[in-house]
Amino acid sequence: MENRTIKWGILGAGWIASQFARDLAHAKNAEFTAVGSRSLDKAEDFAGKFGAKRAYGSYEELVNDAEVDIIYVATPHPSHKENVLQCLRAGKAVLCEKPFTVNAKEAEEVVQFARDNKVFLMEAMWTRFLPVIRKVREWIAEGRIGEVRLLKADFGFRTGVNPEGRLFNPALAGGALLDVGIYPLSFATMLLGATPKQVLTTAQLGDTGVDEECSILLSYDAGQTAMLSAAIRLNSGSDAYIVGTEGSIRIPSFFNAKSATLVAADGTEETFADDRTTLGYVYEAEAAGQYLREGKLESEIIPLDETLHLMRLMDGIRQQWGLRYPFES
């Protein structure tokens, strides 16, 4: 597979699937081969819009398409575990939309199956693959801001309450944490590690019982701190600030970052900008395709062990709030 085109399937035909499909058309090593939906009409409409060769009215038909190399799972959160396992059982590599699953128990089962059967699996934390974030990590590795001591990151927006919608419905694992809080949390684990010494958190649970706003304070053995927040009823923005002993980095809208500015200790500034015309999903798609070409089973940029630690961290945060989804045993 070293140089051949990687043939993609997309499982699900909703909004996030459309965003990924739009960018997949720009991936250098990819071809959009097939889409699967529970509705054949919806799948055919999706295929027509985004150029898939085949459309299926069931997930089973998609995972059994012999031509497909890898499947992007883009279904609602509670469906991820079974959808990913269905792909893995068919021997298909998987890129699963975040959150990887709804809890650590599900994530552990999925990861164990992939490892036992030696099938590629990766969480679709697309932020990690953006050129700006790669540059930020490069600056930090070079010691440009000294030792990182503090991270401040938020992701919040205000939307109307729809008790049946995915953001507010407990049966769909609704709430700010899993939908957008995972971004600042994943950013923190990327920079400071996946096992903080202490986790302090508070949340505002709405009428449907899910977290509409939450704040999280992580502290680490070496004394670093991450101050994070997420919201679906509060427009708190989505900027990140990384503060080191010799400077700082500001990343506007860090989850889909298009620029970052480094401020050195002497006050001089350096800005790195990404002039991409794509949405940004193209980079994770190209990376996943390259991993397949190289015969890898997981990503070193978002390794499966880190995904597991992140799910355990979110479980612990929800436990502090007393928030369990109705389908959790």
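Since the model is a prediction, treat every value here as computed from it, not as a measurement.
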Are any side-chain N or O atoms of [X] and backbone N or O atoms of [Y], one a donor and one an acceptor, separated by less than 3.5 Å?
X    : Y    : result
N83  : V73  : no
N117 : V119 : no
S58  : E61  : yes
N235 : R158 : no
D239 : S253 : yes
H77  : P99  : no
D315 : N103 : no

How long is the span from the [atom1] atom in [X] to the [atom2] atom in [Y], to the nearest 0.5 Å?
X    : Y    : atom1 : atom2 : value
S299 : L304 : OG    : CG    : 8.5 Å
I145 : T245 : CD1   : OG1   : 8.0 Å
L167 : T159 : CG    : OG1   : 6.5 Å
R89  : N64  : CZ    : CG    : 12.5 Å
M190 : T127 : CE    : OG1   : 9.0 Å
T278 : D23  : OG1   : CG    : 4.5 Å

Do the side chains of [Y] and [X] get nearer than 4.5 Å, heavy atoms only?
X    : Y    : result
L151 : L228 : yes
N256 : L279 : no
L313 : L185 : yes
I302 : F129 : yes
E300 : Y291 : yes
W321 : L177 : yes
E212 : F168 : yes
T101 : E109 : no

Name the residue from K98, E123, R128 that meets the side-chain hydrogen bond (donor to acceptor under 3.5 Å, both in side chains) definition with S186. R128

For [X], look at atom [atom1] and say whether over 12 heavy atoms of other residues, nucleotides or ligands are found less than 6.0 Å away.
X    : atom1 : value
R38  : CZ    : no
E60  : CD    : no
Q319 : CD    : no

Determine the minimum heavy-atom distance between [X] and [Y], stating which atoms define it.
X    : Y    : value
Y59  : G36  : CE2-O, 3.6 Å
A55  : L40  : O-CD1, 3.9 Å
Y56  : A34  : CE1-CB, 3.8 Å
I251 : S259 : CG2-O, 3.6 Å
P170 : Y325 : O-CD2, 3.5 Å
A30  : T5   : C-CG2, 3.7 Å

Any carboxylate oxygen within less than 4.0 angstrom of a Lys/Arg side-chain nitrogen, looking at [X] and [Y]?
X    : Y    : result
R166 : D179 : yes
D65  : K7   : no
K105 : E108 : no
R134 : D274 : no
K53  : E31  : yes

Donor on one side chain, acceptor on other, [X] and [Y], under 3.5 Å:
X    : Y    : value
Q19  : R22  : yes
S219 : T225 : no
S236 : D154 : no

When you group the ILVMFWY residues by side-chain heavy-atom contacts below 4.5 Å and let the links chain together, are [Y] and [X] in the same group?
X    : Y    : value
L234 : I232 : no
V68  : L88  : yes
L172 : I16  : no
M125 : I301 : yes
V243 : L192 : no

Worked check of side-chain contact (heavy atoms from CB on, under 4.5 Å) between R276 and L130: CA-CA 10 Å; R276 68 176 187 263; L130 298 175; 4.1 Å; yes

Using the side-chain contact (heavy atoms from CB on, under 4.5 Å) rule, take R250 and V263 through it: C-alpha gap first, then chi angles, then the decisive distance, then the call. CA-CA 8 Å; R250 177 177 179 267; V263 182; over 6 Å; no

I want to know whether F187 and F254 have ring centres closer than 6.0 Å.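 Judged by ring-centre distance (under 6.0 Å), F187 and F254 do meet the cut-off.
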
Quickly, which of K92, R4, R293 forms a salt bridge (charged side-chain N to carboxylate O under 4.0 Å, His left out) with D69? Name it, please.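 Between D69 and the candidates, salt bridge (charged side-chain N to carboxylate O under 4.0 Å, His left out) is satisfied uniquely by R4.
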
I would like to know whether V110 and L121 meet side-chain contact (heavy atoms from CB on, under 4.5 Å); could you show each step before the answer? CA-CA 9 Å; V110 170; L121 177 62; 3.7 Å; yes

Angle class for the F50/F46 ring planes (parallel below 30°, perpendicular above 60°, tilted otherwise)? tilted

Show your working on side-chain hydrogen bond (donor to acceptor under 3.5 Å, both in side chains) between D266 and T268 and close with a plain yes or no. CA-CA 6 Å; D266 62 4; T268 57; 2.7 Å; yes

Kindly indicate, with the supporting measurements, whether the criterion side-chain contact (heavy atoms from CB on, under 4.5 Å) is fulfilled by F327 and V102. CA-CA 10 Å; F327 51 82; V102 295; 3.5 Å; yes

Given W8, which of Y281, F20, Y72 fulfils the ring pair (Phe, Tyr, Trp, His ring centres under 6.0 Å) condition? F20

Apply the side chain to side chain contact (heavy atoms under 4.5 Å, CB included) test between I317 and each candidate in L323, T202, T201; give the one that qualifies.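 Going through the options one by one, the only one that passes is T201.
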
Working note: T261 + T271, criterion side-chain hydrogen bond (donor to acceptor under 3.5 Å, both in side chains); need CA distance, chi angles, decisive distance, verdict. CA-CA 4 Å; T261 299; T271 296; 2.9 Å; yes

